There are 2 protein chains.
Amino acid sequence: MTLQGAPIGEAATRSGVKVPTIRYYELIGLLSAPPRSDANRRLYDDDDVRRLAFIRHARELGFEVDAIRTLLALQDEPGQSCAAADAVARNRLIDVEQRIASLTALKAELERMIVGCAHGRVAECRVIEILADHGKCVYAQH
Amino acid sequence: MTLQGAPIGEAATRSGVKVPTIRYYELIGLLSAPPRSDANRRLYDDDDVRRLAFIRHARELGFEVDAIRTLLALQDEPGQSCAAADAVARNRLIDVEQRIASLTALKAELERMIVGCAHGRVAECRVIEILADHGKCVYAQH
DNA sequence: CTTGCTCCTCTAGCCGCTAGAGGATGTAAG
DNA sequence: CTTACATCCTCTAGCGGCTAGAGGAGCAAG
């Protein structure tokens, strides 16, 4: 019997993770090294592809590689309590909420800058002026 | 007459930019190299400190170093039209708005995951399940 | 047999810093 | 005057999460 599995390019298109990124994930130990063909090519099975898609989805949702490591380890032990997965997701939610809050303050500041700009000379430009003097900011979170 | 100016540490505390970061800004040409004392130490004048504070504020507002380069160049020509500064700020605003939109979608997705989690076993964990299958996402922006 | 694609490994680069080694200088107290 | 300690200098390497490119081997089709 011959070894079977998809080559890395197919694993890439099926999972949506780029080829060099797959190799990178193997390098950092996020994905275990797959078997190789006799010509030394990586061979991925369906489970590998699923894992890659899982990783990609988690990355899209902004989870860090370390968090994904935890989630993947959990996924491999279906009998365990999912409290840990829950905690990871909750931490991510808190992070996202904080980012939204600070970006919203930023947005207001930028709008104020732009609206205040009379499109004249740099000397009286509101954008430059506010950047030069934090005291002119309304939202001090930054 | 002796050369005058503040040493880098004082420039750092006054501008709020850390010492190694100031040197880094000089390295990448964001801040021009200041004169040196006879013992080869950098000497910063008030204008340098103002420039550093400007840079810091712009970074806090999320402007990239290249955008700041543009803004600094503009600031040096007060007679010019401020249309360019306006454009830089508008681009930044668009970017911030896009980030807020995608983070808001993410937040909804994470909340849905967490609420759906019955705190049981990993096998029926909603968090893991959604991560494993993008099709279960409501918000497809990611 | 040749063309052109995929695959391999390895190294270096991206951004915006941050950390640390190893050494010279400055300042203040004993 | 010495000793201690802070501050400064340069240089190199590292962070996260990839991405790009060199240089070479293999594979499938015409």
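Reckoned from all heavy atoms, side chains included, excluding hydrogens, waters and symmetry mates. Here the structure is a predicted model, which is why all the values come from computation and not from measurement.
DNA chain D contains the following stems of three or more consecutive Watson-Crick or G-U pairs, with both distances under 3.5 Å: C:1-30 with D:1-30.
A:M113 contributes atom CE, which lies 8.5 Å from atom CG of A:L106 (distance to the nearest 0.5 angstrom).
Remark: A:A67 pairs with A:F63, A:V88 by the side chain to side chain contact (heavy atoms under 4.5 Å, CB included) rule, at least two apart or across chains. In this view, A:R42 and A:E26 satisfy the side-chain hydrogen bond (donor to acceptor under 3.5 Å, both in side chains) rule, not counting sequence neighbours. In this view, A:R126 satisfies the side-chain hydrogen bond (donor to acceptor under 3.5 Å, both in side chains) rule with no residue, not counting sequence neighbours. Checked against side chain to side chain contact (heavy atoms under 4.5 Å, CB included), A:D133 has the following partners two or more places apart in sequence or in another chain: A:K136. Not counting sequence neighbours, the partners of A:R69 by the side chain to side chain contact (heavy atoms under 4.5 Å, CB included) test are A:I28, A:L30, A:V65, A:D66. Looking at residues two or more places apart in sequence or on another chain, you find a side chain to side chain contact (heavy atoms under 4.5 Å, CB included) between B:N40 and B:R36.
As rounded to whole Å, 14 Å separates atom P of D:dT19 from atom CG of A:L27. Rounded to whole Å, the distance from CG on A:L43 to P on C:dC7 is 11 Å. The distance from atom CD of A:E26 to atom C1' of C:dC7 is 13 Å, rounded to the nearest whole Å. Taking atom CD1 of residue B:I68 and atom C1' of nucleotide C:dC15, one finds them 12 Å apart after rounding to whole Å. Taking atom CD1 on A:I22 and atom P on C:dT6, their separation rounds to 14 Å, with Å as the unit. Between B:E10 atom CD and C:dT27 atom C1' the separation is 15 Å, expressed in whole Å. With rounding to whole Å, B:L52 atom CG is found 12 Å from C:dC17 atom P. Atom CD1 in B:I28 sits roughly 12 Å away from atom P in C:dT18 (whole-Å rounding).
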Let me check something: any side-chain donor-acceptor pairs from residues 15-23 of chain A under 3.5 Å, sequence neighbours excluded? List them with distances.
| unit_1 | atom_1 | unit_2 | atom_2 | d |
| --- | --- | --- | --- | --- |
| A:S15 | OG | A:A11 | O | 2.7 |
| A:S15 | OG | A:A12 | O | 3.4 |
| A:S15 | OG | A:V17 | N | 3.1 |

For nucleotides 10-18 of chain D, 5' to 3', base contacts (B), sugar-phosphate-only contacts (S) and non-contacts (-) with protein non-hydrogen atoms under 4.0 Å give B------BB
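Applying the side-chain hydrogen bond (donor to acceptor under 3.5 Å, both in side chains) test to pairs two or more places apart or on separate chains, those with a residue in residues 87-101 of chain B are B:D86-B:R90, B:R92-B:D95, B:D95-B:R99. Sorted by first and then second residue, the pairs that involve residues 74-85 of chain B and meet salt bridge (charged side-chain N to carboxylate O under 4.0 Å, His left out), not counting sequence neighbours, are B:R51-B:D76.
Salt bridge status for B:E124 with B:R121: absent, with no side-chain N to carboxylate O gap under 4.0 Å.
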Pairwise N/O distances under 3.5 Å, protein to nucleotides 23-25 of chain D:
none

